[in-house]
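Report on one structure; see the data block that follows.
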Protein chains: 2
Amino acid sequence: MTGPRVRAAAERLFARHGYAAVSMRQIAAEVGIGAGALYHYTPDKQALLRDMMRSHLDDLLSAWAQADPGGEAVARLDAFARFHIRFHLDRPDAVFIAYMELRSLEPETFAEIEALRKQYEAVPEAILLDGLQSGVMQVTDVKLGSMALIAMLTGVNTWYRDGGRLDRAAVEDVYARMALGMVGVQTVAV
Amino acid sequence: MTGPRVRAAAERLFARHGYAAVSMRQIAAEVGIGAGALYHYTPDKQALLRDMMRSHLDDLLSAWAQADPGGEAVARLDAFARFHIRFHLDRPDAVFIAYMELRSLEPETFAEIEALRKQYEAVPEAILLDGLQSGVMQVTDVKLGSMALIAMLTGVNTWYRDGGRLDRAAVEDVYARMALGMVGVQTVAV
DNA sequence: AATTAAACCGAACGACCGTTCAATTCCAAG
DNA sequence: CTTGGAATTGAACGGTCGTTCGGTTTAATT
């Protein structure tokens, strides 16, 4: 029971202040135990970061595997854009950490996490390649298109707040349309 | 002469390891002086961060003021996309810090930096609004379009490396085309 | 009620933190 | 050659860091 609370506290604090700026004593205080007791739940501070990054990316990949509708490229890109926004808005802390703390990882852990990230980047690449080959999309470069798409979608996390001018569904709509336009698919005005 | 070297070393180290993870002694070692001597060039560590953020955003705003071609919305958006990529690829460290270390700023400094960032976000907003009103662009939401555009363009910094598959000019071309497509402007295939 | 293993405390370790400051070195102006 | 101010050193300050560990509490099982 304490284990998950330790991980949750670490995630919240790492996201808020950064890995290097958070002390084990702060994490322990958040959980309500002494700093020494943390070491029943993690071998060290680095493992806390490693495990939360790994499980975040594992979750991401398996969630898409389940959400992927397959089929035609345009519909699939639409689904991907909406999935990406939804998944990322649901876990802003984990997303922030996965982006910002890559540099806090030791080399071999970094390589492992990087491989998972590349695996995810392959998802829009495959969709764009399909759309290009079937002639429904016009994109100059599949790799760059994928990177641009992911950056655009992940960017939602930097400004979206619940209770703002637009709700999640509206944001999904707007972004899905821009994502399609980006690769040359024109949609009807809304 | 030492002053600029201190700022340069701090910028490089902050970008590489993060503000919190870099010690004054590391900065001093990089410059080749003792840690105490740093305090002839900055009142404290926080001022190093504040000054580099402020001057980065000042540079960004005045560089665009000079690069802005004005005139018609489509050409102006094309110019903005190319300008943004070029400016950001030229100073990857400063860009990284400006994005990642907002949370390391004290509240009043944060507010000041945030205001400069908002000023820059107003640039694509104005272009999109013009394009929308003159009927050459179709974008569902000007604010979201601006955020998506900036996120997409800034994303280049996360993967671009000199000597890679595409040079800067080619990247500019691809991204300018995607930026226009995103807001409903179709361009000829390349 | 006795046993046991896990959970936890709290003090301690050596290392490093940002910052200060008296003392020293450096170097250009007179 | 002297002088004066800027540049720099290096030790020291009080604190905090991640981690360890002997001892104590807790709670479930026999």
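Hydrogens, waters and symmetry mates play no part in the numbers below; they use all other heavy atoms, side chains included. In what follows, every chain begins at residue 1, and chains take the letters A, B, ... in the order their sequences are listed.
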Under a 4.0 Å N-O cut-off, is there an ion pair linking A/Arg165 with B/Asp141? yes
Indicate yes or no: does B/Arg168 engage B/Asp173 in a salt bridge with an N to O separation below 4.0 Å. no
So, B/Trp64 versus B/Phe80, ring centres under 6.0 angstrom or not? yes
Which nucleotide span of DNA chain C, 5' end to 3' end, has atoms closer than 4.0 Å to non-hydrogen atoms of chain B? C/dC17 to C/dT20
Output, in order, the C-alpha distance, side-chain angles, deciding distance and verdict of side-chain contact (heavy atoms from CB on, under 4.5 Å) for A/Gln186 and B/Gln138. CA-CA 10 Å; A/Gln186 286 313 292; B/Gln138 290 120 41; 4.0 Å; yes
Under 3.5 Å, which donor-acceptor pairs link side chains of residues 119-134 of chain B to any protein atom two or more places apart or in another chain?
| unit_1 | atom_1 | unit_2 | atom_2 | d |
| --- | --- | --- | --- | --- |
| B/Tyr120 | OH | B/His84 | ND1 | 2.7 |
| B/Glu121 | OE2 | B/Arg117 | NH1 | 3.3 |
| B/Ser134 | OG | B/Asp130 | O | 2.9 |

Stepwise, does the salt bridge (charged side-chain N to carboxylate O under 4.0 Å, His left out) test hold for B/Glu72 with B/Arg76? CA-CA 6 Å; B/Glu72 192 270 330; B/Arg76 209 164 161 226; over 6 Å; no
Could you run down nucleotides 12-27 of chain D 5' to 3' and tag each one B, S or - for protein heavy-atom contact under 4.0 Å? B----BBBB-------
Parallel, tilted or perpendicular: which fits the ring planes of B/His88 and B/His56, with parallel below 30° and perpendicular above 60°? perpendicular
